[in-house]
2 protein chains.
Amino acid sequence: MYAPERQQEILRLARDGGRVDVVSLAEEFQVTAETIRRDLKALDRAGLLRRVHGGAIPAGRLDFEPDLAERESTAADEKDRIARAALAELPAEGTLILDAGSTVARMAAAIPPDASLTVVTHSLPIAARLADHPGIQLHIVGGRVRHRTRAAVDAWALRAYGEIRADVAVVAANGFSVEHGLTTPDLAEAAVKRAALTAARRVVLLADSSKYAQEHFARFGALDDVDLLITDTGLTPEDAGDIERAGTEVVRA
Amino acid sequence: MYAPERQQEILRLARDGGRVDVVSLAEEFQVTAETIRRDLKALDRAGLLRRVHGGAIPAGRLDFEPDLAERESTAADEKDRIARAALAELPAEGTLILDAGSTVARMAAAIPPDASLTVVTHSLPIAARLADHPGIQLHIVGGRVRHRTRAAVDAWALRAYGEIRADVAVVAANGFSVEHGLTTPDLAEAAVKRAALTAARRVVLLADSSKYAQEHFARFGALDDVDLLITDTGLTPEDAGDIERAGTEVVRA
DNA sequence: CACGTCGATGCCCGTTCATGCCTGTTTGAG
DNA sequence: CTCAAACAGGCATGAACGGGCATCGACGTG
């Protein structure tokens, strides 16, 4: 049996039974578990299956994105520390722009109940989290909602940010460096991020150290657009020094 | 059972029953409480559930009614029937405006996974629910978010609806009658509803029979702005007749 | 036909993941 | 205010994972 045949069959089994597991597939097709894993990985990349630990589930069967429901990764811990440190940078009252991103979301979730803020965001998860916060006047920025990030983008979002002026913007980036500035994989999202940080008097960037020196497709600003970078101790003091010389204050939480 | 499957099921149970608790989930799935806690934490981080001591409640509930035990569940039953009937009125493809409201939210949650639609909504819970639907191009309408209904209102929302034209709008009302039309308690919300139904070629009203002959503070349209009313069998045939004579088709689910 | 290439598969081994158990701390109901 | 239940964090364990390397057979070229 050829690999594509086997994968086809695996897909059928998965759709049929709602799930498959590596060990029984290996037994079934008389191959090793490694081979099955490679098959599942291929099907996962093709978007036909969703890989889970121990097996796979047909795509679309789960009505939420598991990559949003990130498990206990090691990064989660550092993101939490960054989020807590960021909290200290929030004004006691005033207006705040919150970018999309898991670290920002975590910070939003930790905003104390007695805070009194006006918050503007284009992130759906963050808005959902803050909607019932009694002290927060929430404004959602409209637009087309990207599936992967659940953030609003395009014309409505750009125009909305063009019409406001906030005290602080808390933004995230997939990559940042002194030379290439702030980057993210998606162009539409980059445009909104740029609009968001332009609309604020003070810009705070939350990014764990793994993002340093990364560059992605779309650039949305220079590092000196950022007034304060909050990151973790994974960033070397030398790198921190480079960034500070470029004019951005650095906090290593 | 894989962790994501279990989490999916927990989410379903939570949305279904309004709440879940750690101990019964642990029993139900034959795992320890620690594992359930980890699941709930993951779902909480993803913004799908709100963690509380002892369990969790679904994020973005429209109203936290004190006891949704019995009185709610009977109403829920009828709302579900209305929601299902409304589903049949959706175009196979095209653009759809969804108003805020629990019945509309139920309908949105029941949109089949193979649907291919463009959906515009100013309701945060509905947007959150549809954001990961693979076949739906979702647009969120921006604006100030009202705490009680978690819907966007005011200038941004009004302008957005003024700029679009949809095939169908599915709207809800707190009260409806032939004489006083469609009413709701909040003025700002009424303005958005009016803008939403003006932006659609066809207007479908979802309202259970308890809303009939009710009038609230803010009026956002006449009954003959509505092309089709979907309600439950609690509406008497005579009342239905009155409404149909006024030019609105009535479906009693 | 001989030889080199390449893709598929299997094997090995260090790493990660999911889960359970334990312990000290926090929470909230009475 | 008290106390049992719930929680968080640390640790242990076995299964699952994934990258690197070896093998094997199919294929193509000279």
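Every chain is numbered from 1 and lettered A, B, ... according to where its sequence line falls, protein lines coming before strand lines. These values consider heavy atoms only, across backbone and side chains, with no hydrogens, waters or symmetry-generated copies.
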Report the secondary structure of DNA chain C in dot-bracket form, marking unpaired bases with a dot and bases paired to a different strand with |, and treating Watson-Crick or G-U pairs with both distances under 3.5 Å as paired.
-> ||||||||||||||||||||||||||||||

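- Heavy-atom nearest nucleotides on DNA chain D were determined for A:Val52 and for A:Arg38, and the one closer to the 5' end corresponds to A:Val52.
- Within the structure, a side-chain polar atom (N or O) of A:Arg51 is placed less than 4.0 Å from OP1 or OP2 of D:dC17.
- The backbone N or O of B:Arg51 sits less than 3.5 Å from a side-chain atom of B:Asp44, completing a donor-acceptor pair.
- Within the structure, every side-chain polar atom (N or O) of B:Lys41 is placed at least 4.0 Å from both OP1 and OP2 of D:dA6.
- Nucleotide C:dT19 holds its P atom 13 Å from the CG atom of B:Leu40, rounded to whole Å.
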Could you please spell out the steps behind the side-chain contact (heavy atoms from CB on, under 4.5 Å) verdict for B:Asp39 and B:Phe29?
-> CA-CA 12 Å; B:Asp39 287 338; B:Phe29 293 112; over 6 Å; no

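- Dashed line: the shortest gap from a side-chain N or O of B:Thr35 to OP1 or OP2 of C:dG20 is under 4.0 Å.
- By the 4.5 Å heavy-atom criterion applied to side chains, B:Leu117 and B:His133 are not counted as neighbours.
- The side chain of A:Glu34 lies closest to C:dC12, out of C:dT9, C:dC12, C:dC21.
- Between C:dA18 and B:Arg6, no contact under 4.0 Å exists linking OP1 or OP2 to a side-chain N or O.
- Ionic pairing of A:Asp132 and B:Arg50 is present here: one or more N-O contacts between side-chain nitrogen and carboxylate oxygen are shorter than 4.0 angstrom.
- Every residue two or more places apart in sequence or in another chain that forms a side-chain hydrogen bond (donor to acceptor under 3.5 Å, both in side chains) with A:Thr184 is listed here: A:Asn174.
- Salt bridge absent: A:Asp227 and A:Arg202 never bring a charged side-chain N and a carboxylate O closer than 4.0 Å.
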